Amino acid sequence: MDAREAALRQAYDHALRWLASLSDRPVPARAAVDEIVRALGTALPDGPSVPAEVVDLLATACEPGLTAFPSGRFHGFVVGGTEPAALAADWLVSAWDQNCVMRAASPAYSAVEDIAGGWLLDLLGLPAGSAVGFTTGATMANFTCLAAGRDAVLARAGWNAARDGLAGAPAVRAVAGRDRHMAVDLALRYLGLGAPETVPTDDQGRIDPAALWRTLAAGAAGGPTLVVLQAGEIHTGAFDPFAEAIRAAREAGAWVHVDGAFGLWAAASPALAHLVAGCADADSWATDAHKTLNVPYDCGLAIVRDPAAVRAAMGLRGDYLIQADEGDPIDKVPELSRRGRAFTVWAALRSLGRSGVADLVERLCRHARTFAAGIAEIDGATVLNDVVFTQVCAEFGSELRTERVLARLLEDGTTWISGSTWQGRRVMRISVSNWSTTDEDVGRALDAIRRAAAA
């Protein structure tokens, strides 16, 4: 056995033990940062170490400090697990070590990206022929789409942003709902556009179309404008009224982008597709395959109706590169060096099939409804949102009690459920995003919530 094979076998053994522990282990990490540092040691060795021993040290020292994010009982943030075929494919991605930027460099990767991109457009009900770029995550997917939009609306105003930059360019308005995700603001900041103008939202976080009309009408008529809508509000899971909002944006000549980090996947379910009715009339869409589809991290999806628009914003030419006339993966994303992200998406979609993706999305939503029903039965607890997708937002009578319930939950360790502030109220926020979550997992988490509320 050579050094590489021995290291891989060591990693394989540790990975299997980790995955086997998820059904029973406490969800929060058991060791703090300083403990892990001591276990690893801080002195850089003077000479080489045996690779298998390095892997063993890393896994053994870090295991107590790992949070069980892949557990079916993790319901914080919006964190998916990793579907089995996608996990195995991700191991191949590292072993294959492909440069996934050009068709000539890796025909296999480009073929898989083309196929997976077509499947995604079909499943999400988006226009055939749209460009699908595979980014690091939803933040960079939003960045990519809004970059294409920024340059496109400036081009309509007679300004070439790629050649002339932004200094002296016509001002670009960015308009979004008050309850947008902060990743939108971050992407706009990266793009030099600053914070968006905000539009009022309702009690579920949905943008008010009438207010959007008024906001857009108050600006320079026909000026370069980006409108950002949302598929899945982070606290409530609510979806903007796309048909009305997009009509308002079109009247203003705006580019319409949809941030659908986890909610865009409603389109894959016949039972839930009504939530995204009209969404396909936008110009671009961002989502994160790690969330609802459950592929490994580092896999956002930037989808742009007009491939030429994203190519103008993201594409580059290099004398030493071997670039295809029909375009390369490099033309749709910011990075020149990147992983073979489409391999994992292809594996998940091929493994699940159309009905499996729909079942996955519907199962996550069913678990969210179970959480809401169980919490509603707890004395003093109130579910604050209409549970239309995978998010549940609740409070326990007062901010102090809500904080105590959250603290006791983490001490208990059965589940991880995080807090937040929603429309001025301190709340418990539950996100059901993991393919492996079972009815038993939800029952155990609800029992833990009941214990925390009763203590």
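Remember, predicted model here, so these are calculated numbers, not experimental data.
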Could you tell me the separation between the [atom1] atom of [X] and the [atom2] atom of [Y], rounded to the nearest 0.5 Å?
X    : Y    : atom1 : atom2 : result
L321 : I330 : CG    : CD1   : 5.5 Å
L124 : W285 : CG    : CH2   : 10.0 Å
R150 : L226 : CZ    : CG    : 9.0 Å
D203 : W422 : CG    : CH2   : 8.0 Å
R25  : S71  : CZ    : OG    : 9.0 Å
L360 : W265 : CG    : CH2   : 9.5 Å

Please tell me if the side chains of [X] and [Y] come closer than 4.5 Å, counting only heavy atoms from C-beta onward.
X    : Y    : value
D56  : H14  : yes
L409 : T415 : yes
L349 : L120 : yes
H75  : N434 : no
V295 : D90  : no
V79  : S433 : no
W416 : T67  : yes
L275 : F242 : no

Task: Test side chain to side chain contact (heavy atoms under 4.5 Å, CB included) applied to D439 and H367, step by step - done: CA-CA 7 Å; D439 292 342; H367 289 324; 3.1 Å; yes

Open item on the list: Is it the case that atom CZ in F77 sees more than 12 heavy atoms from other parts of the structure closer than 6.0 Å?
Closed with: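 Yes, because the 6.0 Å sphere around CZ of F77 holds more than 12 heavy atoms from other groups.
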
Task: Within 6.0 Å of CZ in R4, more than 12 heavy atoms from elsewhere - done: no

When you check the side-chain N and O atoms of [X] and [Y], is any donor under 3.5 Å from an acceptor?
X    : Y    : answer
T201 : R178 : yes
N385 : H235 : no
H257 : S284 : yes
T438 : D441 : yes

[X] side-chain N/O to [Y] backbone N/O, donor-acceptor pair under 3.5 Å:
X    : Y    : result
N294 : G80  : no
E244 : P241 : no
D412 : R408 : no
R311 : A131 : no
S21  : W18  : yes
D122 : G118 : no
R363 : W435 : yes
T135 : G137 : yes
Q323 : G318 : yes
R180 : L229 : no

State whether [X] and [Y] are salt-bridged, where the test is any N-O pair (Lys NZ or Arg NE/NH1/NH2 against Asp/Glu carboxylate O) under 4.0 Å.
X    : Y    : value
R247 : D281 : no
D283 : R250 : yes
R450 : D447 : yes
D34  : R38  : yes
R30  : E63  : yes
D240 : R206 : no
E362 : R366 : no
R338 : E113 : yes
E395 : R426 : no

- [ ] Dump the intermediate steps for side chain to side chain contact (heavy atoms under 4.5 Å, CB included) on S418 and L410, then the final yes or no.
- [x] CA-CA 9 Å; S418 51; L410 287 182; over 6 Å; no

What heavy-atom pair brings [X] and [Y] nearest, and what distance separates the two atoms?
X    : Y    : value
A61  : L40  : CB-CD2, 3.5 Å
L121 : A128 : CD1-CA, 4.4 Å
S269 : A358 : CA-CB, 4.1 Å
S23  : R73  : O-NH2, 3.3 Å
A266 : V276 : CB-CG1, 4.4 Å
C299 : P296 : CB-O, 3.9 Å

- [ ] Starting from the C-alpha separation in whole Å, work towards a yes-or-no answer on salt bridge (charged side-chain N to carboxylate O under 4.0 Å, His left out) for R354 and D359.
- [x] CA-CA 9 Å; R354 187 183 304 276; D359 289 345; over 6 Å; no

Open item on the list: Angle between ring planes, F389 versus F239, binned at 30° and 60°: parallel, tilted or perpendicular?
Closed with: perpendicular

TODO: Give the C-alpha distance, both sets of side-chain angles, the deciding distance and a yes or no for side chain to side chain contact (heavy atoms under 4.5 Å, CB included) between C145 and I303.
DONE: CA-CA 7 Å; C145 293; I303 305 171; 5.6 Å; no

- [ ] Could you please spell out the steps behind the side chain to side chain contact (heavy atoms under 4.5 Å, CB included) verdict for D328 and V101?
- [x] CA-CA 7 Å; D328 286 295; V101 297; over 6 Å; no

Open item on the list: Quick check on the 6.0 Å ring-centre criterion: do Y109 and W96 meet it?
Closed with: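 They do not qualify: ring centres at least 6.0 Å apart.
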
Task: Set of side chain to side chain contact (heavy atoms under 4.5 Å, CB included) partners for T136, sequence neighbours left out - done: M140, D298, E335, R341

